[in-house]
Each structure stands twice: as structure tokens, then as C-alpha cells.
*Asks:* 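Sending over a structure as C-alpha cells; questions will come in a sec.
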There are 2 protein chains.
Amino acid sequence: MVTIRDVAKEAGVSVATVSRVINGSGYAHIDTKKAVDLAVSKLQYKPNEVARSLYKRKSKLIGLILPDITNPFFPELSRGVEDYLQRRGYRLIIGNSDGKQEKEREYINTFSQNNIIGIIASTSEYNDRNYKDLNMPVVLLDRTTEDLPAVYADQHAGGELAAAALMERGSKEIVIVRGPITIKPVRERYQSALELLQNTEGVNVQVLDSTLSFQGAKSCAKELFDKYPKTDGVIACNDIVASAILQEGLRLGRLIPEDLQIIGYDDIPMCALLYPALSTIRQPAYEMGEVAAESLIKMINKEPLTEQHIKLDVAFIDRQTTRKGM
Amino acid sequence: MVTIRDVAKEAGVSVATVSRVINGSGYAHIDTKKAVDLAVSKLQYKPNEVARSLYKRKSKLIGLILPDITNPFFPELSRGVEDYLQRRGYRLIIGNSDGKQEKEREYINTFSQNNIIGIIASTSEYNDRNYKDLNMPVVLLDRTTEDLPAVYADQHAGGELAAAALMERGSKEIVIVRGPITIKPVRERYQSALELLQNTEGVNVQVLDSTLSFQGAKSCAKELFDKYPKTDGVIACNDIVASAILQEGLRLGRLIPEDLQIIGYDDIPMCALLYPALSTIRQPAYEMGEVAAESLIKMINKEPLTEQHIKLDVAFIDRQTTRKGM
DNA sequence: TTGTAGGCGTTATCAT
DNA sequence: ATGATAACGCCTACAA
């Protein structure tokens, strides 16, 4: 390993001088600067970030906590975060929490121990206190809390958009497949959809519970058609579950969207490749990641945040599982 | 921040003693050990990993380089890696390279600068030299090279399995949709399939190029039916592309699998939720990640690797886009 | 069994 | 403009 000493020796100056020209701090004669630069490139010197981090008590590392990268909503999110940070020289330590307090806490601890300078967390609810007194910047992603900055999508609008789309297109017997209500954004989208539906004359609403994962989706779909065979409209908690319902509906010979309309949530890339292509509520996952990263960097640089809570728009993506020409 | 000094003071011993009991190295009287443990928990002391890393010149950090986490094959892979490492106290720094030399190199550099102790890389071909003289353990994942340890799936078998499955089930006009041949595993599966098909009487083979991504998939599907309308069997380079072809085939009124059989590759979780469910060649992504992590840890601990190259089995997953009852 | 002291690679203060 | 040198928090000879 080549250290600053080697460079100093090679350039015939002191380590202090090398440090100065490398960091562009303090003065340095143009010639010594050249000599140092030469030595640096000759020896291929790269500063040891660990030593830097130790001295400055801060690194270029940022922690990202996700529930589960295996859920297709999160890869886009995380790339949004990474791409933004990568361009600015930061690196990402990633942790999948599976929504578990303990795992989250474990990650947070090792994050601190590594002098991480900030955390972006898509945490499950009630784990907030993990982050409260952490003496480093935290941005919540796809989640909100009173006290912490957050970036999230408009779940309220999302739920209403889904409900409205279905009703406008004539569904009368609607089932909301509700995800785990312990997850705030999932709960909110559900509540908004339910409220709008319940306040509408001539619409009959049922609620069915489901997970968000591939594993649970199939059985949920079966249960849906079993319990509510007359259903002519489904609002799913995410696109995975919607896909399973679409599959099962097709299997049972339902005409989609003529007999049964389906709306998913998230707009994962796969939606566009289903047949019929899945109508859904789009969350701007990649952008959410970027914006969260941007906010975090601002906080790290002590720049003021114009808004503590940044709510991004969702949109109804009108594909083939909802009817046309109203 | 509470340091080892604070603990020493609290326990009324020297920092050396604290260090010893914390690390279980050297001797310590049972009573002083108790005193130290008490002080540690009272002060909530957590050793600073950065300082440790600086002194020992190694951290608990491991680098993972992927082409793109947004490709549904990789989330499972990366969770396999992470879960294995997480249990053993290691942490993961992740980097998406998009297959670009430069990005990879950039990540590798910062990895080194952060005293990372090992790298798992799912790199694109020809970037090997990035890793050759890296003076730290490297395991290639989903890739091979002469000199480096590697964990990968049996692409050769995969390609043949796909080809055989289609022929056994009666397809005569087969199109192989080939992914970027610069990616070795993609090229290999293609070559094996092609070879088997070409050596079979009465089978007509065509080759079509495609990307592996969502973006390219749709247009590739259109091109397929445009150029080769008589096709009755498709071997796709991955499940994404297969999904697009399935969709387009359905849209054009093809009966699947009666008129057209389709086989994907990877067995991403979504396959099972398509209609008809997609037959595919399964790569054990999660396991590949685990095994790669295991190998890396062995190398880090200077344990011998029983095999340098670990080839995992693939399997034909017989779902609904291939015919039954032969 | 325990403590002292030096060093890991870097930055920043303070002389010069 | 430049160079010693003391930190940063930890670990490990070595001495006691």
C-alpha cells in the first residue's frame, strides 16, 4: 500500500504539503504542486479513506435500509439513491431489514461504527425511534414521521385514483385487496380507496387481506374468486398481487377488462409486459430515491431543506386491465 | 461518542485491558472482566470500526459489484450474498456497474480505499484484469475466468435443457432470442441451445438479437413475429424477453403452448404469476449468492477452497408455456 | 494479570 | 510556502 509518506518522499516534500495539495487546502507553490501531482500519479497514490474517516470522524459512506430488495418496487428506488450518490463520490452500504426492528437496529449500529454520515431508510412503522436520536442526518423514504425529513409518494391520491378509475369505468362490485396495514403507505392507499368507494352510491365494496410478496399472492388470488365470485373490479395493494389476480381471473375464464377490471400499485416494470398489460398506480420509485439522496446530501452539507416532507405525485397508468373509451 | 478511554476510566483499568476483554485476546482477571463488561454496557460502548480498520488494515466490509440490480435476476442473488454475510457480521457495499469498465474500476478503487476485505463481482467479461492484481480475495459470480474463483450456474446444461424441452414437445420452427453475446453466460446458453438444435434433423433454427432489459424486450417481441411468423417455439435469453414474447404472441392470437411454445431463462419470481405461467430454465440465484459469499469468507479466513469453480445446477421448470403429456 | 507506548494513514495547527 | 507534530480511536508488543 502506498501512503502519503511515500508520495512525500518521492516528491521531496513533507506529508503536510502533500496533504495540502491533494485536498486543495492551504498554500502550495506551483512547482511543488506539480512535483506532488507527478509523484501521486507515478505511485498511483490513493488516499486511505479509513484514515481520513478516523481523523475527520466522518466518511463518504451512506447507509440505505430497505425492507427487501427482492420486492420489485425497491430495485428502482435503490438505483435512484445509488446513482445520485455515486456521481457525488459517496458509497452505499445496504441493508435488508425484512421490516424487523432488530435487524434494522443492528444495521444502524454498524453504520455508526463505520462513521457513516447519513442514512436513508425505508423502515417499517414504529421503528422510528431507532432513528430519532442518531446524531446524523436521516431521510425517510416511502415513509413519514412527524419529526424526520421524508420523501414519499402521495398514497392518498393513489388510493383515490385507483378507486375513481374503477368506478368511472363502471365497476360495481369492487374488492380492495389490502396489504399489511402495519405498513403506513400501504394502509393509506387502502384507506383512501375504501373511503371513496364507500361514499359512492351503487358500489359494493369488500376487503381482502394479503401480503405484498410473491409467496402470498397466489393463494390470495384464489381466495378472492372463491369468496367474491361476482367481483367486477379489484384494487390490489401492489402489482405482484394484481398479477396473481389477473392470472387467476384469466384461468377462470374471466374477460379482462370486460368482466373484471384490475388495478395494481407501484408500476413495476413488469406491468407493461403482462397480457393484458396491467393498469396501475405509478409511484416514481427511481425519482423518490434520487430526491431522498439529494435531501440527505443537503442535510450533510448543512444546507437548509426547503421542505421537510417531500410528497411526489402518483399517476394512474391506463393500460389494458381497465376499460377504454368512456 | 464514547471511546475505549471512557470505558477504561469507568472501569478503573487501562485501555489495553479493555481492549483485551472486548476482543477476548490475552488474559484478564475475572473481576476486571466483569468491571469492564459493566462499564461497556453502562456506557453503551461500541468499538469504532474505523479505528480498528485503520490499525488492522482490514475492515468487515465486503464489496458487491452487480451489472444492474434493476434486472430481476439480481435482487435474489444479492440477498443470497447479503443474508449470508450479515449473519457473520460483515457488511455489504454495493455498486451497479451497468457493465461499464470505468464504473467498475471506480468502485473497486473506493472499495480498496475503504479497506474492504473482499469483493464479489458479477462483472461483464473482459473486465477481469480489474481484479487480477487486487491483493484481496475476489469471487466471481455468474461469471468465470481462468484465474479467479467463481460461482456460476451451468449455462451449457441450461441451453441444452431449453432446446431439448422444446424439441421433445414438438416445436419445429424455433427461434433463439439471443442476448448480448459479450456477456459470457448469456452467450454460452445461446451456443449450447443452438448447437443442439442445429444437430437435430427436421428442426429449423433462427436467431434474433435482443437486450436483456425491459426497454428492449417489447420491440424484440414485435420483430420476432414480424420476421418469423411461422415460429412454433422460442428460447428467450431471459424471462423478461420471454414475457414480452408471450405478451405479443397472445396479442396476435397465438395459442400458447399449442401453437407456440416459449421458454425463458432465470426463473425470476414473476414467471409463476404470468398467464400462462412461464416455463423457464431456473438458475438458483439466491443459492449462488450464498455460495459465493461462503467462498469469499473462506478465502478471507485463509481456508482452502475445495473447488475454485463451483458450478451450480440449473433446471427446466415446466409450467404452462410448454406442452404437457408427451 | 495489567499498563505504557508506539503506530495504523491522514489532517490540521502552529511554527518557521 | 513549507515542515514538524499532535491528534483521530484502536490494538498489540513489551515491560512490569
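In what follows, chains carry the letters A, B, and so on, assigned in the order in which the sequence lines appear, proteins first and then strands, with residues in each chain numbered from 1. What's counted below: heavy atoms across the whole structure, side chains too, no hydrogens, waters or symmetry copies. Since the model is a prediction, treat every value here as computed from it, not as a measurement.
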*Asks:* Residues two or more places apart in sequence or in another chain: which of them pass side-chain hydrogen bond (donor to acceptor under 3.5 Å, both in side chains) with Gln155(B)?
*Replies:*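 With sequence neighbours excluded, Gln155(B) shows a side-chain hydrogen bond (donor to acceptor under 3.5 Å, both in side chains) to Arg189(B), Tyr265(B), Gln283(B), given in chain and number order.
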
*Asks:* Name every residue in residues 32-52 of chain B that has at least one heavy atom under 4.0 Å from any atom of DNA chain D, in order of residue number, or write none if there are no such residues.
*Replies:*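 Output list: Tyr45(B), Pro47(B), Asn48(B), Ala51(B), Arg52(B).
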
*Asks:* Show every donor-acceptor pair shorter than 3.5 Å between a side-chain atom in residues 290-307 of chain B and any protein atom, with sequence neighbours excluded, or say none if there are none.
*Replies:*
from, atom 1, to, atom 2, distance (Å)
Ser295(B), OG, Val291(B), O, 3.1
Asn301(B), ND2, Ile297(B), O, 3.4

*Asks:* According to the salt bridge (Lys or Arg N to Asp or Glu O under 4.0 Å) rule, which pairs have a member within residues 55-77 of chain B, sequence neighbours left out?
*Replies:*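 Of all non-adjacent pairs touching residues 55-77 of chain B, those that pass salt bridge (Lys or Arg N to Asp or Glu O under 4.0 Å) are Arg79(A)-Asp68(B).
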
*Asks:* Among all residues two or more places apart in sequence or in another chain, which pass the side-chain hydrogen bond (donor to acceptor under 3.5 Å, both in side chains) test with Thr211(B)?
*Replies:*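 Result, side-chain hydrogen bond (donor to acceptor under 3.5 Å, both in side chains) vs Thr211(B): Ser213(B).
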
*Asks:* Restricting to pairs with a member in residues 28-40 of chain A, which pass salt bridge (Lys or Arg N to Asp or Glu O under 4.0 Å), not counting sequence neighbours?
*Replies:*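 Residue pairs passing salt bridge (Lys or Arg N to Asp or Glu O under 4.0 Å), neighbours aside: Lys33(A)-Asp37(A).
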
*Asks:* Restricting to pairs with a member in residues 109-119 of chain A, which pass side-chain hydrogen bond (donor to acceptor under 3.5 Å, both in side chains), not counting sequence neighbours?
*Replies:*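 Residue pairs with at least one partner in residues 109-119 of chain A: Ser53(A)-Asn115(A), Thr110(A)-Arg91(B).
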
*Asks:* Under the side-chain hydrogen bond (donor to acceptor under 3.5 Å, both in side chains) test, which residues partner Lys103(A), sequence neighbours left out?
*Replies:*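 So Lys103(A) forms a side-chain hydrogen bond (donor to acceptor under 3.5 Å, both in side chains) with Asp98(A).
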
*Asks:* Can you list everything that forms a side-chain hydrogen bond (donor to acceptor under 3.5 Å, both in side chains) with Glu106(B)? Sequence neighbours excluded, please.
*Replies:*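 Counting only residues at least two positions away or on another chain, Glu106(B) forms a side-chain hydrogen bond (donor to acceptor under 3.5 Å, both in side chains) with Gln86(A).
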
*Asks:* With no hydrogens and no angle check, do the side chains of Tyr286(B) and Asp83(B) hold a donor and an acceptor under 3.5 Å apart?
*Replies:*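 Their side chains do contain a donor-acceptor pair, which is all the 3.5 Å distance test asks for.
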
*Asks:* Would you mind listing every salt bridge (Lys or Arg N to Asp or Glu O under 4.0 Å) that reaches into residues 9-30 of chain A, with sequence neighbours excluded?
*Replies:*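 Sorted pair list: Glu10(A)-Lys42(A).
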
*Asks:* Among residues 9-24 of chain B, which ones have heavy-atom contacts with DNA chain D below 4.0 Å?
*Replies:*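 Heavy-atom contacts with DNA chain D come from Ala16(B), Ser19(B), Asn23(B).
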
*Asks:* On DNA chain D, which is the earliest and which the latest nucleotide, 5' to 3', with an atom closer than 4.0 Å to a heavy atom of chain B?
*Replies:*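 Taking any atom under 4.0 Å from a heavy atom of chain B, the span is dG9(D) to dT12(D).
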
